[in-house]
Amino acid sequence: GAVVSQHPSRVICKSGTSVKIECRSLDFQATTMFWYRQFPKKSLMLMATSNEGSKATYEQGVEKDKFLINHASLTLSTLTVTSAHPEDSSFYICSALQGGFYSNQPQHFGDGTRLSIL
Amino acid sequence: AQTVTQSQPEMSVQEAETVTLSCTYDTSESNYYLFWYKQPPSRQMILVIRQEAYKQQNATENRFSVNFQKAAKSFSLKISDSQLGDTAMYFCAFMNSNTGKLIFGQGTTLQVKP
């Protein structure tokens, strides 16, 4: 149980295009999902918290107009990288929180998306 | 603000031996959760073990166990009988119980040698 599907797994596109990444909780409802960015051999950096039915909360230094997050249902959050440039190339990972903040359930991670902007 | 520190960027261990990965954290909260995640070359994040801060007993999952020292804010991971499949990057993480956010340490790359 507690499977999170992230799609696509790999994207290669030209500079200036927008890219959408989907994160789905397959067998549980997730009112809260998280988006991370990871550079090679580095740690995960939290970008934003995605809340179902409300605006996402972005971490300091993350451009909300560059990284659009939509959490329209209890099982789906999307991250859109708008007008992507080579410096946006990275590994993006989502996670979904099963249960509330006070539950002892951990975050469940998707398999990540490798984004390459040419 | 909470911080998590892993002071060992790289470690290696012989197959079947035991290795301990260190982690310290800083927080003013009394209720929180701690985790160890494994990230193999496939880059999938795999939960290894978790610890509730209010529990004094150290968590154990098969070959994996933790040494949780709440007063010292230390949370080390011990891997017994290391296997080649344990080769991965390991992340210590702190979860804020108010927000659900995970704060990760810098990671430790573990190489298990045959």
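Quantities reported herein were computed from a predicted structural model and do not represent experimental measurements. Order of the sequence lines sets the chain letters (A, B, ...), proteins ahead of strands, with each chain counted from 1.
- The distance from the CD atom of A:Gln107 to the CZ atom of B:Phe35 is 7.5 Å, given to the nearest 0.5 Å.
- Contacts from residues 111-118 of chain A to chain B, taken as heavy-atom pairs separated by less than 4.5 Å, involve A:Asp111, A:Arg114 in sequence order.
- Only the side chain of B:Met89 comes within contact range of chain A, judged by heavy atoms closer than 4.5 Å.
- With a 6.0 Å radius and a threshold of 12 heavy atoms from other residues, nucleotides or ligands, B:Lys73 has its NZ atom above the threshold.
- If you chain together hydrophobic residues whose side chains sit under 4.5 Å apart, B:Tyr25 and B:Met95 never meet in one group.
- The candidate with the highest count of non-hydrogen atom pairs below 4.5 Å against chain B, out of A:His108, A:Glu59, A:Gln6, is A:Glu59.
- Each of A:Leu76 and A:Phe28 belongs to its own hydrophobic cluster when Ile, Leu, Val, Met, Phe, Trp and Tyr are linked at side-chain heavy-atom distances under 4.5 angstrom.
- Across B:Gln39, B:Gln44, B:Gln6, the residue that shares the most heavy-atom pairs under 4.5 angstrom with chain A is B:Gln39.
- Residues B:Phe91 and A:Leu44 form a side-chain contact, since some pair of their non-hydrogen atoms from C-beta on lies under 4.5 Å apart.
- Cluster annotation: B:Leu47 is connected to B:Phe104 through the hydrophobic network of ILVMFWY side chains, with a link wherever side-chain heavy atoms come within less than 4.5 Å.
- Residues of residues 35-43 of chain A lying under 4.5 angstrom from chain B, judged on non-hydrogen atoms, are A:Tyr36, A:Gln38, A:Phe39, A:Pro40, A:Lys41, A:Lys42, A:Ser43 by number.
- Within a 6.0 Å sphere centred on CD of A:Glu87, heavy atoms belonging to other residues, nucleotides or ligands number more than 12.
- Using a 4.5 Å cut-off between side-chain heavy atoms of Ile, Leu, Val, Met, Phe, Trp and Tyr, with links allowed through other members, B:Met11 and B:Phe75 fall into the same hydrophobic cluster.
- Looking at B:Leu102 and A:Phe109, their side chains come closer than 4.5 Å, going by heavy atoms from C-beta outward.
- Using a 4.5 Å cut-off between side-chain heavy atoms of Ile, Leu, Val, Met, Phe, Trp and Tyr, with links allowed through other members, B:Ile79 and B:Phe68 fall into the same hydrophobic cluster.
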